[in-house]
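The structure under discussion appears below in the form of structure tokens.
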Amino acid sequence: MKRILLQLDTDAMPSVFDRVVAVDAGVDEIFSYGGVTPENVMGLVHGLMFTRGPADLSHSAIFIGGSDMAAGEAVLKKVWKTLFSPLTVSVMLDSNGSNTTAAAAVRVAASHLTLSNTRAVVLGGTGPVGERAARILAREGAEVVVASRSIERAEASCERIRTAVPNAKVIPSLSTPSAIASLAAGTQLLLAAGAAGVQFLSQEERQQWGDLKVAIDLNAVPPVGLEGIKVTDRAAMQGDVLCYGAIGIGGGKMKLHKQAIHRLFESNSTVLDVNEIYDLPRQ
């Protein structure tokens, strides 16, 4: 029986990127819909769940994407309310690649650091990738500073993380130059997840972070978030600091994305959000 992936995209045009990854992950048929909202998604889900018997629904799955993570989360909530036992299918949320990118970045950090003993600073921490990376880090026991241009947004992100991760050690901060400089002491992990074209630290400023062990910059558009880190850097040593650029993380992100697609078809009841994607077995 063919494996069918129902691609639900909250943008007007379904993502070509997500379709290509699904094809490369071995999906046989992809049904792609754009402009998906909680109000119009029920009929699409019914079309998938009512056309195969319970024993065959592990060959059907749903992927939720689009550029807006909040919109994707709302669609996921509605999809899960629409499904009912035994007519369920597996579902994955990865709006704008945020979950797989955040998970891949933290996996890299965890390969070099014991996260439970780590102080991490996430610049651009209120964006979809930054907040999810901060959530995973907090879940793994790290002390996480969530930095943003707006202290109100930083505080709101920290509150959402505390709701998802009880006893999370998260601290809101501004990402002004003086505020960022004050975060250097004791920080072992620096992760930049800001918007394209936003540079947080010059190379000279970053060299003042004497306790830093790992620096990850997820911005591939010049100027990068952390000056001096190339987008292709992968465990590149700069002094005592291991550096990763966006493409250096991207290979692991793509493998993780494909692995998650495979996992969808192993049962008809899997839900893959950020924690579940991070927890997929390392391969």
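The figures here come from the full heavy-atom set of this structure, side chains too, leaving out hydrogens, waters and symmetry mates. All values reported here derive from a predicted model rather than from experimental measurement.
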Q: Identify the heavy atoms of Gly66 and Thr10 that sit nearest to each other, and give their distance.
A: CA-OG1, 3.7 Å

**Q.** Crowding at CZ, Arg162 (>12 non-hydrogen neighbours, <6.0 Å)
**A.** yes

Q. Which distance, rounded to the nearest 0.5 Å, do you find between the CG of Leu48 and the OG1 of Thr82?
A. 11.5 Å

Q) Can you check whether Leu115 reaches Val106 side chain to side chain, under 4.5 Å on heavy atoms? A) yes

Q: Please check if the side chain of Thr118 supplies one atom and the backbone of Ala120 the other of a donor-acceptor pair under 3.5 Å.
A: no

(Q) Determine whether a donor-acceptor pair (N or O, by modelled atom type, separation under 3.5 Å) exists between the side chain of Gln238 and the backbone of Gly228. (A) yes

Q: Please lay out, stage by stage, how Leu93 and Met69 fare under the test side-chain contact (heavy atoms from CB on, under 4.5 Å).
A: CA-CA 9 Å; Leu93 173 66; Met69 177 56 82; 3.8 Å; yes

Q. Do you know the tightest heavy-atom contact between Arg52 and Ser60?
A. NH1-OG, 3.0 Å

Q: Go through the structure and list residues passing salt bridge (Lys or Arg N to Asp or Glu O under 4.0 Å) with Glu276, not counting sequence neighbours.
A: none

Q) Does Val214 belong to the same Ile/Leu/Val/Met/Phe/Trp/Tyr cluster as Ile229, with side-chain heavy atoms less than 4.5 Å apart forming each link? A) no

Q. Looking at OG1 of Thr101 and CG of Asn96, how far apart are the two atoms once the value is rounded to the nearest 0.5 Å?
A. 8.0 Å

Q | Option among Asn268, Leu57, Val89 that satisfies the side-chain contact (heavy atoms from CB on, under 4.5 Å) test with Leu83 | A | Val89

Q) Among Asp273, Asp94, Asn275, which residue meets the side-chain hydrogen bond (donor to acceptor under 3.5 Å, both in side chains) test with Asn99? A) Asp273

Q. Is any side-chain heavy atom of Glu131 closer than 4.5 Å to a side-chain heavy atom of Val274?
A. no

Q. Just checking, is any N or O donor in the side chain of Thr270 or Ser267 under 3.5 Å from an acceptor N or O on the other one?
A. yes

Q. Just by distance, do the side chain of Asp9 and the backbone of Asp11 share a donor-acceptor pair under 3.5 Å?
A. yes

Q: Rounded to the nearest 0.5 Å, what's the gap from NZ on Lys253 to CD1 on Ile247? Could you check?
A: 14.0 Å

(Q) When you group the ILVMFWY residues by side-chain heavy-atom contacts below 4.5 Å and let the links chain together, are Phe50 and Ile4 in the same group? (A) yes

Q.
If hydrophobic clusters are built by linking Ile, Leu, Val, Met, Phe, Trp and Tyr wherever their side-chain heavy atoms come under 4.5 Å apart, do Val91 and Val36 end up in the same one?
A. yes

Q) Sub-3.5 Å donor-acceptor pair from the side chain of Lys169 to the main-chain atoms of Ala142, do we have one? A) no

Q: Please identify each residue that fulfils ring pair (Phe, Tyr, Trp, His ring centres under 6.0 Å) with His112, with sequence neighbours left out.
A: Tyr244

Q. Tell me the ring-ring contact (aromatic ring centres under 6.0 Å, His included) pairs involving residues 55-87, sequence neighbours left out?
A. Phe63-His257

Q: Would you kindly confirm whether Ile277 and Val27 end up in one hydrophobic cluster when ILVMFWY residues are joined by side chain heavy atoms under 4.5 Å apart?
A: yes

**Q.** Pairs touching residues 126-185 that satisfy ring-ring contact (aromatic ring centres under 6.0 Å, His included), sequence neighbours left out
**A.** none

Q. Is Glu73 salt-bridged to Arg132, going by a charged N under 4.0 Å from an acidic O?
A. yes

(Q) Distance check, rounded to the nearest 0.5 Å: Asp18 atom CG versus Ile64 atom CD1? (A) 11.5 Å

Q.
To check you understand the geometry: which heavy-atom pair defines the closest contact between Ile151 and Leu174, and what is its length?
A. N-CD2, 3.5 Å

**Q.** Any residue meeting side chain to side chain donor-acceptor pair (under 3.5 Å) with Ser32, in chain and number order, not counting sequence neighbours
**A.** Gln7, Arg19

Distance-only check: which donor-acceptor pairs under 3.5 Å involve side-chain atoms of residues 183-198, not counting sequence neighbours?
unit_1 : atom_1 : unit_2 : atom_2 : d
Thr187 : OG1    : Arg119 : NE     : 3.0
Thr187 : OG1    : Leu183 : O      : 2.7
Gln188 : OE1    : Arg119 : N      : 2.7
Gln188 : NE2    : Gly186 : O      : 2.6

Q: Supply the atom-to-atom distance Leu256 CG to Lys258 NZ, rounded to the nearest 0.5 angstrom.
A: 11.5 Å

Q. If you look at every heavy atom in Trp209 and Glu205, which pair is closest and at what distance?
A. CD1-O, 3.4 Å

(Q) So that I can tick it off, tell me whether Asp279 and Arg139 are bridged by a salt bridge, with the cut-off set at under 4.0 angstrom between side-chain N and carboxylate O. (A) yes

Q.
With rounding to the nearest 0.5 angstrom, report the CZ to CD1 distance, Arg206 to Ile180.
A. 13.0 Å

(Q) Same cluster or not: Val121 versus Leu218, using hydrophobic residues (I, L, V, M, F, W, Y) connected whenever any side-chain heavy atoms lie under 4.5 Å apart? (A) no

Q.
To check you understand the geometry: which heavy-atom pair defines the closest contact between Gly225 and Asp217, and what is its length?
A. N-OD2, 2.7 Å

Q. Are any side-chain N or O atoms of Ser173 and backbone N or O atoms of Ala147, one a donor and one an acceptor, separated by less than 3.5 Å?
A. no

Q: Take Leu242 and Met237 through the side-chain contact (heavy atoms from CB on, under 4.5 Å) test and state the conclusion after the steps.
A: CA-CA 5 Å; Leu242 282 161; Met237 290 298 300; 3.2 Å; yes

(Q) To check you understand the geometry: which heavy-atom pair defines the closest contact between Ala134 and Ile161, and what is its length? (A) CB-CD1, 3.7 Å

(Q) What I want to check is whether the side chains of Ser150 and Glu152 have a donor and an acceptor closer together than 3.5 Å. (A) yes

(Q) I'd like to know if the side chain of Asp68 reaches the main chain of Ala71, judged simply by a donor and an acceptor atom lying under 3.5 Å from each other, with no hydrogens or angles considered. (A) yes

Q. Where do Met92 and Thr100 land on the side-chain contact (heavy atoms from CB on, under 4.5 Å) test, with the steps shown first?
A. CA-CA 11 Å; Met92 175 180 173; Thr100 48; 4.0 Å; yes

Q) Around Met13, counting heavy atoms of other residues, nucleotides and ligands shown, do more than 12 lie under 6.0 Å from its CE? A) no

Q: Tell me yes or no: between the side chains of Arg160 and Ser157, is some donor less than 3.5 Å from an acceptor?
A: yes

Q) Backbone N or O of Val108 within a donor-acceptor pair of the Ser111 side chain at under 3.5 Å? A) yes

Q: Check whether any side-chain N or O of Gln259 sits under 3.5 Å from a backbone N or O of Pro281 as a donor-acceptor pair, and report yes or no.
A: yes

Q.
Consider side-chain contact (heavy atoms from CB on, under 4.5 Å). Of Ile136, Leu280, Ile249, which one does Arg107 pass it with?
A. Leu280

